[in-house]
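The block underneath contains the structure these notes are about, expressed in structure tokens.
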Amino acid sequence: MLRIFNSHSGVLETFAPLDPPKLGIYVCGITVYDRCHLGHARSFVAFDAIVRYLRFSGYQVNYVRNITDIDDKMIAAALQNTEPVAELAQRMIDLMDRDLHRLGLAAPDAEPRATGHIAQMIDMIERLIAAAHAYPSGGDVYFSVRSDPEYGSLSRRGLDAMQPEDPDTERRKRDPLDFALWKAEKPGEPAWDSPWGRGRPGWHIECSAMSEHHLGESFDIHGGGVDLKFPHHENEIAQSRCGSPGEFARIWMHTGPLQASDGEKMSKSLGNQTVLSDVLDAHPAEAVYLFLLGAHYRSPMEYSDALIAEAARGLRRLYGALRAAPPGGSVIDSEVERFRTVMDDDFNTAEARSVLFDLARQINRESGGAARRAADLAATLRHLGGVFGLLQADPEDFLRRSGSGSGSGARESLNEADIEALIAERTGARSEGDFARADAIRDQLAAQGVVLLDSAEGTRWERS
RNA sequence: GGCUGAGUGGCAGAGUGGUUAUGCAGCGGAUUGCAAAUCCGUUUAUGCCGGUUCGAUUCCGACCUCAGCCUCCA
């Protein structure tokens with residue numbers, strides 16, 4: 001029985017999809033005016049793990065993640081780069097696709113772009129105006145916050161606590177709390193025809209319109225980072241509640257913030273974001289994913305390069321166990337049950353991860369002993385790692401890959417043939433009792449990032 | 001100031017009203033020609049003060065501290 005914390009109701013709820021086994025989930029993606037940072041990865045990895053687990057649990061998931069390709073930031077960035085907004089968007093989308101693919105994320109079933117859904121947004125705005133929840137004003141259209149008695153229910157905030165200051169639009173609003181659904185065209189900015197003249201959509205309306213278009217008026221889960229809870233999600237709810245008859249998203253899930261280990265949130269405004277592609281250059285993608293799985297998705301999480309390097313060492317441990325186990329084997333149901341029990345408890349990936357490590361220890365304990373048991377455990381470990389897209393590489397290949405460990409960088413100075421030749425030479429020296437020579441060779445290899453592992457069956461090697 | 005969440009061992013980070021999270025690091029032992037890997041063991045861990053309870057890290061209250069949000073943010 002899957003239970004999910006609904007951040008709208010504030011409690012754990014037993015999950016029951018609208019139309020099982022189908023399941024619709026909408027996640028707020030990024031505004032494509034810059035490269036992805038690690039904070040995006042945190043949220044996206046969380047939802048990747050969640051979607052993968054839901055599929056593993058038998059649901060037919062329709063995973064929609066939007067792309068915001070028109071807003072103030074887009075326009076400002078395009079202006080600064082002196083490139084058209086659409087070109088900037090496509091450039092950043094290509095980079096995002098590359099980064100997220102490298103990270104090993106499953107592609108969403110749909111990635112709707114705001115600029116591709118202008119008609120749907122205009123349609124919803126017209127409905128809101130007809131229902132007297134919105135009004136045109138000087139080429140803009142505003143949502144009337146006080147027309148929605150439930151406004152503030154998501155962020156648990158009273159209207160009195162909101163003190164917006166926006167001198168630009170203040171005069172055109174009837175109430176300072178109102179927010180823009182449509183913004184009148186300004187010179188040099190992208191604009192579309194609308195019943196209110198040329199202009200462009202406000203930020204929040206795109207998610208209301210696109211989620212309805214792709215998932216319907218009512219759907220199962222809406223997710224995003226906590227920093228979107230207010231105002232973005234609050235406004236989305238207001239728009240959809242007032243503009244559509246459906247109940248909109250039934251469960252809201254918010255991922256916690258990622259903070260640099262110096263204590264500050266990684267934030268675009270603070271300029272301390274860590275670019276995802278840089279992280280992926282320094283560490284194996286699986287290590288980054290495994291690291292991000294280490295904390296519950298709702299908890300704030302600290303990040304540093306050293307912590308990811310730690311996760312990489314943990315990943316080597318998992319692959320080391322897989323390598324040690326005999327092939328074959330069948331998945332052990334009781335271990336899968338353990339895994340499911342913790343994942344069913346609001347997707348506790350931290351506990352799920354500890355199941356993986358526990359399996360690794362069991363494998364290592366059995367190795368050399370009960371081969372059948374070790375094979376079964378390894379099959380289980382690979383099966384459960386696979387739920388997250390992890391541990392699917394050949395262990396030997398993974399461990400021999402440069403930089404799979406500490407992330408200390410690309411050290412490819414020796415090819416495999418060189419390494420094998422030196423190992424053969426060392427084996428000869430050892431058999432003759434020339435340990436000084438043997439150790440010299442080992443030190444030489446170590447200096448180039450190659451670690452030797454002697455055993456009764458011979459000498460293995462891997463890169464550190 | 002308001003709202004939300006959090007304070008766990010050297011670091012990161014889960015769970016739990018009484019019993020091992022897990023990972024990384026350290027230390028000791030086993031193993032090894034020596035290592036590495038691995039296994040076993042190990043280091044006064046639950047912010048502070050009260051309360052409820054046979055018993056609280058876990059529940060309740062106050063306090064302190066921190067983080068996020070309060071119309072740029074995953």
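Chain identifiers are assigned alphabetically (A, B, ...) following the order of the sequence lines, protein sequences preceding nucleic acid strands; residue numbering begins at 1 within each chain.
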Determine the contact category for [X]: base if any of its heavy atoms lies under 4.0 Å from a base atom, sugar-phosphate if only primed atoms, P, OP1 or OP2 are that close, otherwise nothing.
{"X": "A/G29", "answer": "sugar-phosphate"}
{"X": "A/R156", "answer": "sugar-phosphate"}
{"X": "A/S299", "answer": "sugar-phosphate"}
{"X": "A/R426", "answer": "base"}
{"X": "A/G320", "answer": "nothing"}
{"X": "A/N364", "answer": "sugar-phosphate"}
{"X": "A/F435", "answer": "base"}

Inset, instruction - Check ring-ring contact (aromatic ring centres under 6.0 Å, His included) between A/F291 and all other residues, then give those that pass, not counting sequence neighbours. - result: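 Partners of A/F291 by the ring-ring contact (aromatic ring centres under 6.0 Å, His included) criterion come out as none, since no residue qualifies.
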When only distance counts, do a donor and an acceptor, one from the side chain of [X] and one from the base of [N], lie under 3.5 Å apart?
{"X": "A/E351", "N": "B/G15", "value": "no"}
{"X": "A/R365", "N": "B/C40", "value": "no"}
{"X": "A/D345", "N": "B/G15", "value": "no"}
{"X": "A/R42", "N": "B/A74", "value": "no"}
{"X": "A/R430", "N": "B/G33", "value": "yes"}
{"X": "A/D443", "N": "B/C34", "value": "no"}

Between [M] and [N], how far apart are the [atom1] atoms? Round to whole Å, please.
{"N": "B/C48", "M": "B/G61", "atom1": "C1'", "result": "13 Å"}
{"N": "B/U57", "M": "B/U20", "atom1": "C1'", "result": "16 Å"}
{"N": "B/A35", "M": "B/G9", "atom1": "P", "result": "33 Å"}
{"N": "B/C63", "M": "B/G23", "atom1": "P", "result": "40 Å"}
{"N": "B/C69", "M": "B/G51", "atom1": "C1'", "result": "33 Å"}
{"N": "B/A30", "M": "B/C24", "atom1": "C1'", "result": "22 Å"}
{"N": "B/C27", "M": "B/A14", "atom1": "C1'", "result": "25 Å"}
{"N": "B/A12", "M": "B/A21", "atom1": "C1'", "result": "13 Å"}

Legend entry - 5′-ward residue of the pair A/G10/A/H232 relative to RNA chain B: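 Of the two residues, A/G10 wins.
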Legend entry - Comparing A/P300 and A/G314 on RNA chain B - which has the more 5′ nearest nucleotide: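 On the 5' side of the pair lies A/P300.
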Phosphate contact ([N] OP1 or OP2) by [X] side-chain N/O below 4.0 Å:
{"X": "A/R353", "N": "B/A21", "result": "no"}
{"X": "A/R317", "N": "B/U38", "result": "yes"}
{"X": "A/R313", "N": "B/G23", "result": "no"}
{"X": "A/N348", "N": "B/A14", "result": "no"}
{"X": "A/R361", "N": "B/U22", "result": "yes"}

Would you mind telling me which of [options] lies closest to the side-chain atoms of [X]?
{"X": "A/Q259", "options": "B/G13, B/A67, B/C70", "result": "B/A67"}
{"X": "A/N235", "options": "B/U71, B/A35, B/A14", "result": "B/U71"}
{"X": "A/H296", "options": "B/C69, B/A14, B/C11", "result": "B/A14"}
{"X": "A/V451", "options": "B/G33, B/A36, B/C24", "result": "B/A36"}
{"X": "A/L258", "options": "B/C69, B/C24, B/A74", "result": "B/A74"}
{"X": "A/T255", "options": "B/G13, B/A74, B/A37", "result": "B/A74"}

Check ion pair [X]-[Y] (N to O, under 4.0 angstrom):
{"X": "A/R437", "Y": "A/E432", "answer": "no"}
{"X": "A/D178", "Y": "A/R172", "answer": "no"}
{"X": "A/R91", "Y": "A/D94", "answer": "no"}
{"X": "A/R65", "Y": "A/D48", "answer": "no"}
{"X": "A/D439", "Y": "A/R442", "answer": "yes"}

Inset, instruction - Mind checking which stems touch RNA chain B? I mean at least 3 consecutive Watson-Crick or G-U pairs, both distances under 3.5 Å. - result: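 The stems that RNA chain B takes part in, listed by first number, are B:1-7 with B:64-70, B:10-12 with B:22-24, B:26-30 with B:38-42, B:49-51 with B:59-61.
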Legend entry - Aromatic contact, A/Y26 with A/Y63 (centres under 6.0 Å):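 Distance test on ring centres: not under 6.0 Å, no.
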Legend entry - A/F230-A/F179 aromatic ring centre distance below 6.0 Å: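 Centroid distance A/F230-A/F179: not below 6.0 Å, so no.
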Legend entry - Rounded interatomic separation in angstrom, taking OH from A/Y33 and P from B/A74: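 Going from OH in A/Y33 over to P in B/A74 covers 7 Å.
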Inset, instruction - Specify the separation, in whole Å, of atom CZ of A/R316 and atom P of B/C24. - result: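 About 12 Å, once rounded to whole Å.
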Inset, instruction - Over all heavy atoms of both residues, which pair between A/H283 and A/V288 is shortest? Give the atoms and the distance, please. - result: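 Reported closest heavy-atom pair: CB-CG2, 4.1 Å.
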Legend entry - Short side-chain donor-acceptor distance under 3.5 Å, A/E234 and A/S155: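 Yes, because at least one side-chain N or O of A/S155 sits under 3.5 Å from a partner of the opposite role on A/E234.
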